[in-house]
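Data block below; observations after.
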Amino acid sequence: MSTRTAGQILRVLIALFFLIAAGMKFAGTEFEVSGFQRFGYAPWFMYLIGALQAAGAALLVMRATAALGAGLLAVIMLGAVASHLRAGDPVTMAVPAFILLVVLAGIAVLRLSATAGARQAA
């Protein structure tokens with residue numbers, strides 16, 4: 001399997017994860033509603049984050065916009081980490097969001113450097 005194919009598979013899997021997360025927010029699942037309430041956020045904010053997650057997932061899948069999508073989703077994960085820590089949650093609850101933040105930041109940097117390299121070659 002080529003690096004390009006592996007990267008695409010990783011981006012699609014992460015995008016699916018965020019589409020599911022966005023769907024849970026749009027559906028107003030008890031888990032999402034209670035989480036946003038516990039963090040002290042207004043109900044509309046949950047739907048905004050869901051919309052941004054769906055947009056980020058769509059951008060992440062397309063090669064030309066993968067860096068933008070990864071960056072958007074990384075910012076959302078940074079907010080998730082901060083929300084957990086601000087709410088006084090155990091650090092372990094913020095770890096999944098932190099791992100996604102690191103992976104998404106890596107994708108953004110790699111895609112930006114690949115795009116810059118392609119521009120210089122042209």
Side-chain angles (χ1 to χ4, degrees):
M1 178 183 310
S2 72
T3 304
R4 182 177 177 173
T5 302
Q8 181 66 29
I9 291 170
L10 176 63
R11 291 196 319 269
V12 167
L13 290 174
I14 293 172
L16 287 173
F17 170 82
F18 279 102
L19 284 175
I20 291 168
M24 290 174 63
K25 288 170 183 64
F26 292 141
T29 63
E30 185 177 333
F31 172 79
E32 293 291 349
V33 170
S34 65
F36 275 77
Q37 286 174 344
R38 192 169 51 78
F39 293 147
Y41 298 132
W44 62 265
F45 190 67
M46 179 180 72
Y47 297 105
L48 173 63
I49 294 299
L52 291 173
Q53 286 178 326
L59 291 168
L60 184 62
V61 171
M62 295 179 282
R63 208 169 146 78
T65 58
L68 179 60
L72 172 60
L73 294 170
V75 169
I76 293 170
M77 290 299 94
L78 180 62
V81 169
S83 295
H84 280 292
L85 298 178
R86 188 177 58 100
D89 291 341
V91 173
T92 55
M93 288 186 71
V95 168
F98 181 75
I99 291 170
L100 280 168
L101 166 62
V102 170
V103 170
L104 288 162
I107 290 171
V109 168
L110 290 172
R111 288 303 314 142
L112 282 174
S113 63
T115 303
R119 285 187 191 141
Q120 286 179 350

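Quick note: residue numbers are just sequence positions, from 1.
When hydrophobic clusters are built by joining Ile, Leu, Val, Met, Phe, Trp and Tyr residues whose side-chain heavy atoms come closer than 4.5 Å, directly or via intermediates, Phe98 is grouped together with Phe18. Hydrophobic cluster membership differs between Ile49 and Phe31, with clusters built from Ile, Leu, Val, Met, Phe, Trp and Tyr side chains linked at under 4.5 angstrom. When the side chains of ILVMFWY residues are joined at heavy-atom separations under 4.5 Å, either directly or via intervening members, Val75 and Leu110 end up in two distinct hydrophobic clusters. Leu10 and Leu72 fall within a single hydrophobic cluster, where Ile, Leu, Val, Met, Phe, Trp and Tyr are joined by side-chain heavy atoms under 4.5 Å apart, directly or via other members. Put simply, Leu68 and Leu100 are part of two different groups of oily side chains (I, L, V, M, F, W, Y) that touch within less than 4.5 Å, one to the next.
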Intermediate values then yes/no, side chain to side chain contact (heavy atoms under 4.5 Å, CB included), Leu59 and Leu73 | CA-CA 10 Å; Leu59 291 168; Leu73 294 170; over 6 Å; no
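Annotation: side chain of Thr29 is not in contact with side chain of Val33 (no heavy-atom distance under 4.5 Å). Counting heavy atoms from C-beta on, the side chains of Gln37 and Met46 never come closer than 4.5 Å. Using a 4.5 Å heavy-atom threshold, the side chains of Ser83 and Phe36 count as separate. Using a 4.5 Å heavy-atom threshold, the side chains of Phe17 and Leu13 count as separate. In this structure the side chain of Lys25 never reaches within 4.5 angstrom of the side chain of Tyr47, judged on heavy atoms. Counting only heavy atoms from C-beta outward, the side chains of Met62 and Arg11 never approach each other to under 4.5 Å. Side-chain contact check for Leu60 versus Leu104: some heavy-atom pair is nearer than 4.5 Å. Inter-residue side-chain proximity for Val61 and Gln8 is flagged as met; some heavy-atom pair is nearer than 4.5 Å.
Scanning all heavy atoms of the two residues, the minimum distance from Ala22 to Gly50 falls at CB-O, 3.2 Å.
For the pair Arg86 (side chain) and Phe39 (backbone), a donor-acceptor distance under 3.5 Å is present.
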